[in-house]
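To start, the structure itself, in structure tokens.
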Amino acid sequence: MDEKRYELVEIQVDAELLEQLEKIIAPMGLTPEMLIVKFFEFCADPATQKLAISLLLKWKAEQEAERGKPGGGL
């Protein structure tokens with residue numbers, strides 16, 4: 001039988017940013033926790049994994065350009 005294993009993930013978010021996010025996703029019936037799970041599923045799903053990788057790399061490059069720091073972590 002395929003047993004599910006769970007990991008605890010703690011994400012710290014600026015209170016103002018979280019408030020803005022909740023206003024956007026509440027009409028969709030989503031909570032921040034549900035959105036994070038959906039994001040992880042999107043990243044791990046073989047059908048969307050290549051798209052997820054390309055988007056993550058694009059977002060990383062955008063953040064680095066904004067900060068003026070090429071390289072470094074996500």
Side-chain angles (χ1 to χ4, degrees):
M1 186 169 209
D2 189 25
E3 249 184 79
K4 288 189 175 191
R5 294 178 8 174
Y6 295 92
E7 293 288 332
L8 178 63
V9 176
E10 183 177 324
I11 300 173
Q12 295 182 359
V13 179
D14 177 77
E16 187 178 324
L17 181 62
L18 181 59
E19 188 177 315
Q20 292 171 6
L21 172 68
E22 288 171 336
K23 286 179 185 176
I24 295 169
I25 64 174
M28 296 178 233
L30 294 172
T31 65
E33 294 82 4
M34 293 165 72
L35 187 62
I36 293 295
V37 169
K38 289 187 179 299
F39 177 73
F40 286 158
E41 289 171 347
F42 171 75
C43 290
D45 185 340
T48 55
Q49 202 169 54
K50 287 182 182 179
L51 174 59
I53 290 168
S54 68
L55 287 170
L56 288 168
L57 290 171
K58 176 185 171 212
W59 296 333
K60 179 183 177 191
E62 288 171 359
Q63 279 191 337
E64 289 170 349
E66 286 177 13
R67 293 182 186 148
K69 292 183 181 178
L74 246 180

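Values below: all heavy atoms of this structure, side chains included; hydrogens, waters and symmetry mates excluded.
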Rounded to the nearest 0.5 Å, how far apart are [atom1] of [X] and [atom2] of [Y]?
X     : Y     : atom1 : atom2 : result
Ile36 : Leu30 : CD1   : CG    : 11.0 Å
Gln49 : Leu56 : CD    : CG    : 10.5 Å
Asp45 : Lys50 : CG    : NZ    : 13.0 Å

*asked:* Donor-acceptor pair, distance only, cut-off 3.5 Å: does the side chain of Thr48 make one with the backbone of Leu51?
replied: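 Such a contact is absent between Thr48 side chain and Leu51 backbone.
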*asked:* Using the salt bridge (charged side-chain N to carboxylate O under 4.0 Å, His left out) criterion, which residues pair with Lys23? Sequence neighbours excluded.
replied: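 For Lys23, the residues satisfying salt bridge (charged side-chain N to carboxylate O under 4.0 Å, His left out) (neighbours in sequence not counted) are Glu19.
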*Taking salt bridge (charged side-chain N to carboxylate O under 4.0 Å, His left out) as the test, write out the residues that go with Glu16, two or more places apart.*
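Glu16 satisfies salt bridge (charged side-chain N to carboxylate O under 4.0 Å, His left out) with no residue once adjacent residues are dropped.
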If hydrophobic clusters are built from ILVMFWY residues whose side chains come within less than 4.5 Å, do [X] and [Y] share one?
X     : Y     : value
Leu21 : Val37 : no
Ile53 : Trp59 : no
Phe40 : Phe42 : yes

*Listed by chain and number, what are the side chain to side chain contact (heavy atoms under 4.5 Å, CB included) partners of Ala26, not counting sequence neighbours?*
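Partners of Ala26 under the side chain to side chain contact (heavy atoms under 4.5 Å, CB included) test: none.
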If I compare all heavy atoms of [X] with all of [Y], which pair ends up nearest, and what's the gap?
X     : Y     : answer
Ala52 : Cys43 : CB-CA, 3.7 Å
Leu35 : Ile25 : CD2-CG2, 3.9 Å
Met34 : Gly29 : CE-O, 3.6 Å

